[in-house]
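Keep in mind it's a predicted model, so treat the numbers as computed, not measured. We name chains A, B, ... by the order of the sequence lines, and we start the count at 1 in each one. Note: hydrogens, waters and symmetry copies are ignored here, and every other heavy atom, side chains too, is used.
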2 protein chains.
Amino acid sequence: MSNQELVVLGQGDAAACCPGLLTAPLDEGQATELAKVFKALGDPVRLRLLSMIASRAGGEVCVCDLTPAFDLSQPTISHHLKLLRQAGLIDCERRGTWVYYWLVPEMTDRLASVLSRPAGEPLPDRAATAGAAS
Amino acid sequence: MSNQELVVLGQGDAAACCPGLLTAPLDEGQATELAKVFKALGDPVRLRLLSMIASRAGGEVCVCDLTPAFDLSQPTISHHLKLLRQAGLIDCERRGTWVYYWLVPEMTDRLASVLSRPAGEPLPDRAATAGAAS
DNA sequence: GAAAGACATCGATGAACATCAATGCAAGCC
DNA sequence: GGCTTGCATTGATGTTCATCGATGTCTTTC
């Protein structure tokens, strides 16, 4: 049930392959893989689902707790959960009657690091002019 | 030319409003605003554009340097740049014949922090079972 | 094993999106 | 003024996506 995720995590060389969006131009392959994950985040329903799953105390959530929180049909929620899972952002397991989802923190960690810039960036003094451009 | 960006940055209370995706459930409004930015990142061409702009030494790039790097028409590149700008990820200015784009680091910083979890998270010991769920 | 509940998958549909050719607009040059 | 170059906008088109109802699969219970 959990074997159709993206390989973006890279299983070992994850940190080595992509030092970040902001330091060096992405090649086409990296961009394609990353875009799939960001696209999964590019929907308000999926963002809320991910947020509900990630912030859950026990670390996992039953689908039966997620579905009623939205004004959407059960198949639609199921569809969004599938996309999040295919993006490698969450994973799930069936236990008896219910299916439980949890966050894959390695993926969100990776995204966060990809969006981070190396601490003391020069930052070409744009702050003075950016806001004032009428 | 730079006054149609999203208001996600919040102009002061940015850090205060959204402690992160992963700590508390997003409300609908927050999710909608955030999703717009992530959606802008959900395309390989836009990711490469952003990466090329962000990693540029001088801090800004002429459109004339971006367009030839892709196998796409000039209007298409212009369209993608517009979406990135509307998401608040980049900004631009015309100087004479050319238009220059630069990164808005506050936005990528914000995304990175939204995806980060508070250092010492419990992390319900999933590592042992996640990979083995056939 | 029949019935019921929880989720996933399928097929259809309307909306959103990526792309392009054509055109518009601004700036520099003759 | 007219011409050229750099970039944005417009309108059209094929594709992808979000959503739903119907249906299938798995599990528990009787």
Of A:Val45 and A:Thr97, the one whose nearest nucleotide on DNA chain D sits closer to the 5' end is A:Val45

Could you tell me whether the side chain of A:Gln74 has a donor or acceptor atom within less than 3.5 Å of a complementary atom in the base of C:dA8?
yes

Are the side chain of B:Arg48 and the backbone N or O of B:Phe70 linked by a donor-acceptor pair below 3.5 Å?
no

Taking the six-membered ring of A:Tyr101 (Phe, Tyr or Trp), confirm whether the NZ or CZ of A:Arg85 is under 6.0 Å from its centre and within 45° of its axis.
no

Students often get this wrong, so: under 4.0 angstrom with heavy atoms, is B:Ile77 touching a base, only sugar-phosphate, or nothing?
nothing

Sequence-distant partners of A:Leu66, side-chain contact (heavy atoms from CB on, under 4.5 Å), two or more places apart
A:Leu49, A:Met52, A:Ile53, A:Val61, A:Leu81

Figure out the OH/C1' separation between B:Tyr101 and D:dC7, and round it to whole Å.
8 Å

Proximal nucleotide (of D:dC20, C:dC20, D:dC7) relative to the B:Val99 side chain
D:dC7

Could you tell me the separation between the CD atom of B:Gln86 and the P atom of C:dC17, rounded to a whole number of Å?
11 Å

Value rounded to 0.5 Å, distance of CG in B:Leu41 from CG in B:Leu83:
11.0 Å

Heavy atoms only, 4.0 Å cut-off, all strands: where does A:His80 land among base, sugar-phosphate and nothing?
sugar-phosphate

So what does B:Leu66 touch, heavy atoms closer than 4.0 Å: a base, only the sugar-phosphate, or nothing?
nothing

Measure the shortest side-chain to side-chain distance between B:Tyr100 and B:Asp65 over non-hydrogen atoms and say whether it is less than 4.5 angstrom.
no

How bent is the helix from C:dG1-D:dC30 to C:dC30-D:dG1, measuring the angle between the end axes built from five pairs each, rounded to 10°?
10°

